Amino acid sequence: MCASLSVDGMRGWFLPSRDELAMYRHLKATGVGDFRDGGGADNFTYWTSSQQAAEMASHIDFADGGRQHYDDKNFRRVRAIRHI
């Protein structure tokens with residue numbers, strides 16, 4: 001999904017690792033990226049490309065302060081990033 005994404009003609013997006021997605025703390029502090037507190041876990045939980053096993057991957061829960069969790073791969077949101 002991230003690899004085929006095109007936003008305003010820009011390509012080269014990818015699913016970030018857990019360390020790359022942790023950047024949200026800096027973005028949130030400056031008001032960039034629409035990161036919000038509260039809400040259900042599904043609203044603020046995003047997959048990363050970091051895997052524990054073939055069937056388990058890391059996700060970051062922004063609602064609980066950016067804690068990293070591992071879980072069975074299932075439906076969650078993603079935040080594509082790209083290098084500039």
Side-chain angles (χ1 to χ4, degrees):
M1 184 175 169
C2 294
S4 63
L5 181 63
S6 177
V7 177
D8 294 330
M10 291 187 287
R11 301 191 56 80
W13 299 90
F14 61 95
L15 185 62
S17 70
R18 66 178 174 246
D19 293 334
E20 289 168 324
L21 191 56
M23 70 182 172
Y24 94 92
R25 289 182 188 102
H26 304 290
L27 296 174
K28 182 180 173 191
T30 59
V32 176
D34 193 29
F35 292 100
R36 294 166 282 162
D37 292 322
D42 291 340
N43 292 331
F44 302 102
T45 301
Y46 295 86
W47 281 119
T48 74
S49 63
S50 303
Q51 298 188 106
Q52 184 178 36
E55 68 282 349
M56 295 190 75
S58 172
H59 58 88
I60 294 182
D61 186 345
F62 297 153
D64 71 0
R67 289 185 47 202
Q68 297 177 20
H69 308 272
Y70 282 96
D71 204 349
D72 293 334
K73 294 178 181 176
N74 57 30
F75 179 78
R76 293 204 196 295
R77 297 173 194 273
V78 297
R79 277 224 180 214
I81 64 171
R82 67 187 286 272
H83 293 287
I84 53 174

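Everything quoted here is computed from the prediction, not taken from an experiment.
- Within a 6.0 Å radius of CE in M1, no more than 12 heavy atoms belonging to other residues, nucleotides or ligands are found.
- Summarising the geometry of A80 relative to L5, their closest heavy-atom pair is CB-CD2, 3.7 Å, with the distance given to 0.1 Å.
- Judged purely by atom type and a 3.5 angstrom limit, S58 has no side-chain atom pairing as donor or acceptor with the backbone of T48.
- The CD1 atom of I81 lies 3.5 Å from the CZ atom of F14; values are rounded to the nearest 0.5 Å.
- When every heavy atom of R11 is checked against every heavy atom of A3, the shortest pair comes out as NH2-O, 4.0 Å.
- Remark: W47 engages H59 in a ring-ring contact (aromatic ring centres under 6.0 Å, His included) (not counting sequence neighbours).
- Atoms NE2 and CD, from H83 and E20 in turn, are 5.5 Å apart once rounded to the nearest 0.5 Å.
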